[in-house]
Structure formats: structure tokens, C-alpha cells
Amino acid sequence: MATMNMVQALNLALREEMERDKDVIVLGEDVGKDGGVFRVTEGLYSHFGAERVVDTPLAETGIVGAAVGMAAYGLKPVVEIQFMGFIYAAIDQICSHAARIRARSRGRFTASLVIRTPYGGGVKALEHHSESTEALFCQMPGMKVVVPSSPRIAKGLLHSAIRDPDPVIFLEPTRLYRMIKEDVPEIDYTVPLGKARIVQEGKDVTVVAWGSMLQRTMQSVEGFSAEVIDLMTLSPFDEETVLQSVKKTGRVVIVHEAPSNCGLGAELSATIAEFAMLHLKAPIIRVTSYDVVLPLPKLEDYYLPTVTRIRKAIEMTLQY
Amino acid sequence: MATMNMVQALNLALREEMERDKDVIVLGEDVGKDGGVFRVTEGLYSHFGAERVVDTPLAETGIVGAAVGMAAYGLKPVVEIQFMGFIYAAIDQICSHAARIRARSRGRFTASLVIRTPYGGGVKALEHHSESTEALFCQMPGMKVVVPSSPRIAKGLLHSAIRDPDPVIFLEPTRLYRMIKEDVPEIDYTVPLGKARIVQEGKDVTVVAWGSMLQRTMQSVEGFSAEVIDLMTLSPFDEETVLQSVKKTGRVVIVHEAPSNCGLGAELSATIAEFAMLHLKAPIIRVTSYDVVLPLPKLEDYYLPTVTRIRKAIEMTLQY
Amino acid sequence: MPEQILESYQVKRLDILDEKGTLDDSLAPSLADSELMRMYDLSILARTFDQRAISLQREGRLGTYPSIMGLEASQIGSALAAEESDWLFPTFRESGVYIAKGLPLDMIFQYWAGDERGMKIPDTMNVFPLAIPVGTQIAHAVGTAMAIKYRKDRAAALVYFGDGGSSRGDFHEGLNMAGVFQLPILFLCQNNQWAISVPREHQTASKTIAQKAIAYGFEGIQVDGNDIFAVFKATRAALEKAKKGGGPTLIECFTYRMGDHTTSDDASRYRTKDEIEKWKARDPILRLRLYLEKKGLLKEAYQEEVQARSKAAVDEAQKKAEKAQPPDPRDMFTYSSASLSQRQARQIKDF
Amino acid sequence: MPEQILESYQVKRLDILDEKGTLDDSLAPSLADSELMRMYDLSILARTFDQRAISLQREGRLGTYPSIMGLEASQIGSALAAEESDWLFPTFRESGVYIAKGLPLDMIFQYWAGDERGMKIPDTMNVFPLAIPVGTQIAHAVGTAMAIKYRKDRAAALVYFGDGGSSRGDFHEGLNMAGVFQLPILFLCQNNQWAISVPREHQTASKTIAQKAIAYGFEGIQVDGNDIFAVFKATRAALEKAKKGGGPTLIECFTYRMGDHTTSDDASRYRTKDEIEKWKARDPILRLRLYLEKKGLLKEAYQEEVQARSKAAVDEAQKKAEKAQPPDPRDMFTYSSASLSQRQARQIKDF
Ligand SMILES: Cc1ncc(C[n+]2csc(CCOP(=O)(O)OP(=O)(O)O)c2C)c(N)n1
Ligand SMILES: Cc1ncc(C[n+]2csc(CCOP(=O)(O)OP(=O)(O)O)c2C)c(N)n1
Ligand SMILES: [Mg+2]
Ligand SMILES: [Mg+2]
């Protein structure tokens, strides 16, 4: 056991995977000498060398496209996109190729790769540095999307993501990078993809969250008998765990950082409305950021879900 | 009144807008001499000249990015992306700039532009030629997304889209381009953005669809008292019309071509589950394509929603 | 304004076999007669396949198909110059490459009939499934070249694209990365003068595509793309250089798309008959035939035999493709990811 | 292999004012003393602003800020060479351009404090809000140049980007389109040798950025980016050419990022003190001062006066920015689109 923050936990996971499997290659902008702008790849360059920790030119499409070609050859590329706001140029390669090469070639070629990127707001950052557009990737068949909520979980999920035979978008909540410290077991452990986690059991309402909103959710549920689910894998998400909980509590509040319109909360709600409708005692409430263009820091606190809004939503469902 | 198919109706709308306003410029690949691969811009090049009907190099990012710069200068660019499968490279410009320049500059600069692209399957096309990824764009605050379901509506919506002060993604169902012929009024009329259309009234179930699925839906509702809604504007969609109908019927079936996971159907369902829950008599059912990588023509018919699947869903809701 | 000169560059072109079938011996690659005949046989086979594909599409037995007529020298010459260990990345218009590399003809038919199984490339072939989004395959080849270099394998990547593809950002990002990492890769542009209706001179203002290599710090060269010897020689040299650690090369094959863009296109809407006539005289197969005839390698009887053999092979492939079992709808699910999601497991029960 | 030569190209460089402040009269642009003093005054003002921004960030009164130290000549020299009618497209590291164009200093502070209102560019200024996604502004400038050409206005677009930006596909697609349409546009690359921790030579294998213009069929030139006269002259010439219908130009300003990448960066992790020292001697303001002193235009008293004036202006701006009313949360809604959606109309009631 060692206490570490999420940056350290992710760094350790990368280190262990690179020790374990020499096909694992890290590439991206400033991942080498600089150790990444958040230092997640700190020390890897000096330890594994420039061949395995590759500083690339500034070209997101090319970086992700190259990862597809590396993976097809048998390597395990772990790409770092410096911020989620800069992943958009790579969507063509992600959606048209990484997600489809297995189907296109009927299994001859696969894209076993990971794309890591800092994700989410709450850090008073510049424009394009607080994006939460996970739903863009959740809707791509063939892709997996993962979001850790603590150092221990981050390490276990990253191990699983790197060992997964298919492409994984690994979203790292910037706000949690250094906020939470936690005991992380030294032993090699994984957190399986596709499984959600019940953070606390409860009987009156199910609250689903992930990433940095989980922590805000935990602050909000005090005084309620709320069952809190940390989704962890956003796509494909763990329908069974969510539905089981909802069937038990009959009430649902979903919390996320993205605006409501076509966010992942919509999918959760729709799945519940289709398969657990008869167990519902109250409307399904989403607590999300407002449906506006992501503001700069001065307005960010108004934009993001607050403890007050989450509590109000819970109280509202409890009135039924 | 003249009878025309959707290609002709769209062509006429473009022609009228270009006559009306010399700031309207059409640009894209093969939109000039060739008149577009589906001939939607047929004749515009010879009539308005190469300055207003611009054949661009093969560069989707650059084309859409250039449209943002043109719009900022005061022109009204109407971009054609040859197929929706090739719009992904332009998402960076759409999401990072077209959708945000108004907010970023607090109104000094806007991106009043239209991006037209053939959309959807059912035409036995090549890979990447049958995409239905509308939800990617629906979740971007600042963007509008529109899908016509008939020639008359196509013309009216395109007029509105071109005159809209904000960026609009205009999705043209390839399958409907030449399938339906309809009387199209000669007079200048518009179909407003943001408003849905009740195609037929009914009392037992509300069925929401758009694009080419509307036509399939109409074939499916025979024998039921179904209220059919053609959404037309997918984002921001007409919540009032949808909720009003659901409150009346108490049952909902949503039909779309995209896979279910994080499709627009999820948002419709979630909005209903939040604001009309107490009126619901049955689970909200989505009839969508399967959650798999879009197949090639030989498997396409298995993939897309069928009349049988739609009818089954309706019958299912009616059992409650 | 007078300034100091930092650098000077030249753009070169290679021609070996002219339209009359006359060879420049000083430049010709040394090829055994059997290799020459292989080039000819494959060219005839490729064109026979291509014409059959077009007529099958007309009969509604194939989907949209992009003809390679006129590109046989560029595709077969380059594919034959590559070794087994090399990795090839074709565009959607590369029947000639797949045929030269030995992908069963029936699979190519099967693919164009709308069946993914046609692109389930055999494990023995290092060729990617064709890429439809223009230019996007360039990045894949770059990544594979990075992997080849990392593994220190004796191989190179060879990626195909067109004049239109050279306008995409993928081209730039890929060539730039290849230059920075000195990768074992060959970028082969078939400049066939058209991108659907957009002529080469509206695609870019540079005099040649070859000179774009100057922007990336490595060598670019234009070759007569209808001259199979020039294509073969330049490709072989570039791949050898790559495998010796000499880094990337850009080759512009200056050629012509003799047919419509695809079976759904009508090129007469945007280009003249004269232009097509002019290029007919430059047909890559014609000049190869003239040369081999002069060389006495091509008796009339043999020509008929090759035609017949090709027709038989294509007939055979067509039959095989058409009587193949239709694909199983469950394949949609089983090939989307390595394992089924909860939702997919529920949905697959519909079949 | 011998080949015929199709084209030859040269890459040139312009230097006018050297590190010692010595001027090459034969090349110097003709500038009135008042213009020379304006260049100096603005350089001092820009550096004063820049240093203030850095310290305000350290005090937690601004967010992350990217210093322009060392880039004053490239930014001010080029901005002053542009006319009112020209349209400028800055990157995130362009305080000098905004200052030279006259954007109120308090607005620049306001923006970096996290308030969109700081980028509500006055209607009288044809300058875009800064672009953070690297390279993406290039396409906007190209589109504006297309619009300028369509409207036959006497104006040109001037777009800024860095050595890192030159690796993005946006660069390629933008320059290629500009070449094809012969647009009135100037692509100005501030090659400051670093893209965060990635040195210029790992960004691209080409000897210069200037030579990348060869790929697009128009002129490229490298200038000493720390030489405000070279920058001014080359920019003025390129914009004139553009407005006369002469098409695009690429200018590489060879310069150096003297500070950390941003206030959240620590450049000592990846570059040496020696390198920084070497470039300190080339400081663009230093050599301008030396020149003006020799010319007798810069008395010590005046230098102090300029410093004082700049400090006063920056104090003033900081005060104004800091006592501005906080933004109204409803602005999030009112500026997302021209009108509120049903959902937004419901949500805005929360405020
Ligand atoms: C990214 C992208 N945009 C548009 C298309 C539609 N399209 C298919 S082929 C083609 C022209 C390609 O020209 P070129 O690269 O010269 O190849 P050629 O067709 O001449 O072989 C276009 C525009 C596409 N397939 N991909
Ligand atoms: C598309 C994109 N990718 C990554 C980043 C993160 N980032 C900000 S500046 C920068 C380096 C830019 O280098 P250069 O273009 O040379 O400009 P400079 O910082 O030297 O002024 C990077 C990688 C970004 N802003 N945009
Ligand atoms: Mg071509
Ligand atoms: Mg730089």
C-alpha cells in the first residue's frame, strides 16, 4: 500500500504495463522529457527511452491515426491527447477507423489502443480545457469509454484499458488529478471494464455519477438513503447494476458535467424508462451543466452542477 | 405548384436564396460543374458562376473552417459535405468554432452558415455512405440540426436554415432524395426551425420519427390510433409538441436509424421521463438500428428498423 | 528585396518506357523475362477483372465500383516492387494492388457486392482493407512504419493515395511525422489528374505533387505512372532505401483515370473527349505490349492465351462469389468488439 | 538514377537590423521617426503588459497566461504593417498584436482573468478573438480571404501561428486552398523554436518553415523575427502583393520564446540556460533601442518617460479590469445562440 494521487496512480499503471509488455508504447505531445503537462508520464522517458515514450509533432489526427496503424502491427499504443478539447480533430480516425477496423476486416485487424485525455472542468482553466463531451464517443459502436473517480480505481481501470483488445477512450478528470489521495495496493490488480460500482447502498433513491461529479454527489447525498453508483465505464455501461438499483429504490437522479441535451444521462434515463418503468415512483431527474456554450472561469461555477442543485433534485424525487 | 422530388426542391431553395441574397455562397467538393454527386447544386454553377459555387480541394476541415471565416466577414456560406461519413474531419471546426464563436466574442462574430450533407442508409451504399450520427451534433450547444422528411418540407427548412443567424447542420436523407415526389408551392415559404410537426393525430400512442424513418413509421402505424410526430429540427427539438402529445396518449415509441446508445431517441425519452412521467402508461420504447458497427449492404436490412419491429413496439406499449 | 539564399531544391521526373514501347536501356530496371511476363499477365488480369466488375455493377450484381483503368502500371508496378514483409495501405481504387498481391478475386467481388468478408485479408498478406475516407489511410501507414522501426523489422510501409488525397490534412500530418521520425515508408500518390470532377490544377497550385516532399525534409520524385518500369524502379529503390534506414520517400505517379470516377459517375459532365483520347494513346498496357512484342516475348497466340486465362479466372471468381453463403446477421455483433456488451447480448437474440 | 529536372526552388531569408543595432540601409524600409518611435513605444508597452500579466497570474489574479517575451518584433512589426481594412487572426500568444492594434489593455486582462467580455472585439477592429486550438484559426483566415476576394474589397487576411501549428492538418488545408484560389492572405509563422517542450527540429524535418510554401505554389520567406524592420518590410510587401491580386505568402519569423510556454510551464525541464542566454543577446527590443540610440532618437530621459507611461497605462488597465462588474450568468444563455431554445428558456429562470 502506498498513498498516492491520481496522477501518481496513472503513472504507476503506465510504468507497470510498460514493464510487463514491451509492446506498450506511449505517444503524444510533450509526454517525453516534459512528462506530460500534468506529469502523468513523468519519468517514463528517462526510464524507457525515446523509442517507447514518443514526443510527437502537434497533430492530433495523425497521432491517433498512427496509433491505429501501430496497433494493427501488434503494438499497444497509449496515446495522450493533451486536453479533451483537442481530441475533436482525431474523431475522424476514432470513429471511422479505430472503432471499425475490426468489423471492416472481420477480425483480421484490430485497434487495441488507449487514448488518455484530461477531462472535465472545475479547475478554472482556459477555453477548450474543461470539456466533458464523453457522449460523442459513447455513441460509437466499437469504442469503449472509461472515467475513473479515484486514484485506486484509475490505476485498475488503466490496466484493464491497456489490456483490452479494443480501443478505449480513457477520460481523466482534471479536477481529481491531485485532489484525492488514496491508498493504492502495490499488487497488480485491475478494475474490470463494463462494470459499475455501488459506492454506497441506499433504499430511497439511486444517484448515478462518474468522474469528478461522483465526489460532488457524495457531498450531496448526506442525510438521504441514497444508493450511489459510480458508472466508471460509460460505454458500454453496466445496465444490470443500474437497473437493479433502480428497481430497488424506484427513484433516479443522474448527475453529469456535460449539458443535458444528448448527454450520457439521456441514455441512462432512456434505458431505465424502457426497462424499469414499472418500478419508478418519480420522474427521472438529470442534474447537468446548463445547455449553453461552456463558459470561461468567471461563470464556470454557475454552469456546473452544484451540491444545492443535486440535493434539490433528490428532494424533488422524494416528494413522490 | 410544381411536383418535385427532394433533390429538385433543395436545388430550388438554393437557387431562390442565391437570387435573393448575393451573400449566399455554395462551396464543397464537386458542387460546381458536376452539380454535386446527387445533383442538388445542379445548374447553380452555370447560373451563378464559379465565384458563388465554389469547387474546393478535398479538405473537409478546411472547407468548414473557411465557412466560419466567410460567415464572420458577412457572407452566408452553404457548405456541402459529400456524405455524412466525411464530416468527421470537420467536427473540430464545427464544435470548437462554428458553435462557439458567438459566445467567445460575445456576439461580435457569428457563424451564420449551413452544412448540408446526405444522411442515412437504406440505399445499399459503400462504407461511410450511410451514416446517421446526428446525435454528435445535437449535443453541441450553439449548433442546430435539421432533417427534412419530404420535398416540400426540405425546401421550407433549407430556406429557414440559410436565413438563420446561427450554424445549422442540414441532414438530407439520401433514401428520400428521389423516392417521394410532392407538390411544392412556387411561392416563397419557410418551415420554421425548432418546431415539430404532427403528421397525424391519434390517441393511443405517440410515435416520434424523422427523415426516412418517418415514411417507414407511417407504414407501421396503420390500424393503430397513433399520433405521429415528425421532429424536423433535431436540436433544439420541440419539447412542447412532444410532451403535449405524450401527455395525451400516455405511450411513446421513438424510431431512428442510429443505434440506440446515446442516439437522439435517448434524449427524447429522457425529456419525457422527466417532464411527462406521471402521464405515462407504458415504458418508452426506442426502435433503432442495432448497437453495432454500421454493416455493408448485405446486412443492412437486418440492421435498420423495420416495419415489423416498429409495429411490435407499438403493440407492446399498447399492452399496458 | 534582395535576401540571402538558405536552401535550393529541384524536382525530378523519371521516364523509362515511352508510349511507342521504346525503352531507355540506361534507366531500365533489370528484370527477368518471367518478371516481365508477370507484369503483363497481371495487367491483363486486372483489366479483365475491372471490366467485369463494371458490367456486373450495371447488371445490379455489384454495388458502386471504382474502375482502375489506366492505373494498372502504377498499381501493379509498385505492388510487385514490394516484398512480402512490406505493408501496403490501399485506397478504394486499388483492385490492381490487391490482385498483384494475390487477394483472391472472388473476395474482391464479394466486397464490392457489399460483404465485409471480402476484406478479411488472409493472415499471410500484409495489406490493409481498402480505405474509403480519402487520405485517412496515410496515418495508418505511418503508425505501422513506426511499429516496424520500433521492432527493427526489415520491412517498409507503402501507402497509396490520389491527387485529391494530397489536399487532406492527413497527408500533411502523416508525411511530416514520417520525416521527423525518419520512418521506413513510401508515400505513393497516383496523380490521375482528377478527383471526381475536380481537375488536378484546382486541387493544388503546386506544379507537381512530388515537390510537396520538400516541405517534410525528404525526397520526392515524379515518375511516368503509365510506365510500369519507371514505377517499379522508383518504388523498389524507395523501399530499399527505407529498409536501409534512409527514411521516407514521396513518389508521384503521373497517370490518368481513364474511366468514370465510379459506376455512379458520368465524367462527360466535366471533361472532354479529346483529353480522354490523348490519354488512350498513353495506355500503360498498350506500351508494355508494344515493348514485349518488339522484344519478341509476346506472340499473338500467347496474347490470346492470357486473355482466355484471365477471363476464366474472372468467371471462376464471379461464380464463387455469387454462390457464397450470405453473411450471418450475427456477424454484425460478433465483429463489432471482441466480446458482446450487455445490450448487444440482448439484441443478438433477435437473430 | 538520372532523371530530368522539372522545377527548381530557393528558400530565402531577410535580415535588416542586427543584434548590435546596426542597420542595413540598402534593405531598410523607409519609416518616419514618429513611426520608429511608435514601434519602440509599443514594444515597451507590450513587454510591460506581459510582465504584469505574469505577476498577476502568480498572485492568483489572472488565470494561465502565455508570455510573448522575445516575440515583440514579430508581433508589433507585422501588426503595424497591416492596414485598418486588413483582418488579423491571432493565436493565444498574441498580446503584442492586440496591443499594437489598439485593443484596450483592460480587455486583455479581463479575458485572461476568465471573462469572455475581454474578447468582445470592438466593431472598429478587424481582429478575431484569439484561437486556442492550435492551427484552427488558419482556416478562418482563408475563409475571410475568400470573402474579401468575392466582395472585391481592398483588404487582406493576416493569420498568425507557430512552429507547432505548422504541423497541423489545418495548416496544410488552409495554405493549399489559398494557393488554389490565389487568395489575398499572409500566413505568418512565428517560429519561436519551441512547441511547449518539443523543439523545432522535432516538429518537422524540413530545414525551414518557409520552404513549406513550395508545396502550395506560392512564395515563402524566412525573416529574422527579432528584427522589427525585417518583419515590418516583409509583412507590408506581402500584404501589398495580396491586395494587388498577387496571391498568398508564407513568412517564417525566426524568433525565440524567451519565457516559459505559459505560467503553468517550467521550461527548465526541457531546455538549457545557455540557449536562453544566447537568445537574450538577440532580444528584439534591445537591438531596436541600440539602433534608436545611435540614431539619436532615444535620450535616456525619454526612455524613462516611456517606461513610466507604459507602467501608468498598465496600472490603469489593471484597475479598470479588476473593478469591472462580474459577468451576468445569464450571458451564458444569451450568447450561445441568437435566441433561446425552449430548454434554455426554462433553465435561465434559475438566475
Ligand atoms: C474524406 C473524403 N471526402 C470525400 C470523399 C468522396 N470522394 C470519394 S473519391 C473522391 C475523390 C478522390 O480523388 P483522388 O484522391 O484523386 O482519388 P481518385 O478518385 O482520383 O482515385 C471523393 C471526393 C471521400 N471518400 N472521403
Ligand atoms: C490542437 C491543439 N493541440 C494541443 C494544444 C495544447 N498546446 C497549447 S500551445 C501548444 C504548443 C504550440 O506550439 P506553437 O504552435 O509553436 O506555438 P507557441 O506555443 O510556440 O507560441 C500546445 C501543444 C492546443 N492548444 N491545441
Ligand atoms: Mg485522382
Ligand atoms: Mg513555437
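Just so it is clear: chains get the letters A, B, ... in the order the sequence lines come, proteins before strands, and each one is counted from 1. Since this is a predicted model, take the numbers as computed values, not measurements.
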Just so I know, are the side chains of L278(A) and Y320(B) near enough to count as touching, which here means a heavy-atom distance under 4.5 Å? yes
Contact class of T271(A) relative to chain B, heavy atoms under 4.5 angstrom: both
Would you say the side chain of E267(A) lies within less than 4.5 Å of the side chain of E267(B), judging by non-hydrogen atoms? no
Using a 6.0 Å cut-off, check whether atom OH of Y303(A) has over 12 heavy atoms from anything other than its own residue. yes
Less than 4.5 Å to any heavy atom of chain B: does that hold for the side chain of A90(A), its backbone, both, or neither? neither
Heavy-atom side-chain proximity of S269(B) to E274(A) below 4.5 angstrom: no
Check this for me: F109(A), atom CZ, are more than 12 non-hydrogen atoms of other residues, nucleotides or ligands nearer than 6.0 Å? yes
A276(B) versus chain A, heavy atoms under 4.5 Å apart: side chain, backbone, both or neither? neither
Let me confirm one number: the CZ-NE2 distance from R104(B) to H128(A), rounded to the nearest 0.5 Å. 4.0 Å
Given that the side chain runs from C-beta out, which part of R102(A) has a heavy atom under 4.5 Å from chain B: side chain, backbone, both or neither? neither
Side chain / backbone / both / neither for E131(A) at chain B, heavy atoms under 4.5 Å: side chain
More than 12 heavy atoms of other groups within 6.0 Å of K312(A) NZ: no
Proximity breakdown for L280(A) and chain B, heavy-atom pairs closer than 4.5 Å: side chain
Specify which of S96(A), G263(A), P259(A), G265(A) makes the most heavy-atom pairs with chain B at under 4.5 Å. S96(A)
Yes or no on side-chain contact (heavy atoms from CB on, under 4.5 Å) for E127(A) and R100(B), after CA distance, side-chain angles and deciding distance? CA-CA 10 Å; E127(A) 193 187 1; R100(B) 303 185 193 199; 4.0 Å; yes
Give, for atom CD1 of I285(A) and atom CZ of F275(B), the distance between the pair rounded to the nearest 0.5 Å. 7.0 Å
Kindly say whether P141(A) contributes a backbone atom to a donor-acceptor pair with the side chain of N261(B) at under 3.5 angstrom? no
Between G142(A), A135(A), A103(A), the one whose heavy-atom pairs under 4.5 Å with chain B are most numerous: A135(A)
Under 4.5 Å from any heavy atom of chain B, what part of C95(A) do you find: side chain, backbone, both or neither? side chain
What pair of heavy atoms forms the shortest contact from A282(A) to M277(B), and how long is it? O-CE, 3.7 Å
Say you draw a straight line from CD1 of I91(A) to CD1 of I87(B); how long is it, rounded to the nearest 0.5 Å? 11.0 Å
Looking at I254(B), V252(B), I284(B), which has the largest count of heavy-atom pairs under 4.5 Å with chain A? I284(B)
By the definition side chain to side chain contact (heavy atoms under 4.5 Å, CB included), identify the one residue from Q139(B), E134(B), M140(B) that meets it with C262(A). Q139(B)
Counting only non-hydrogen atoms closer than 4.5 Å, does V293(A) touch chain B with its backbone (N, CA, C, O), its side chain (CB onward), both, or neither? both
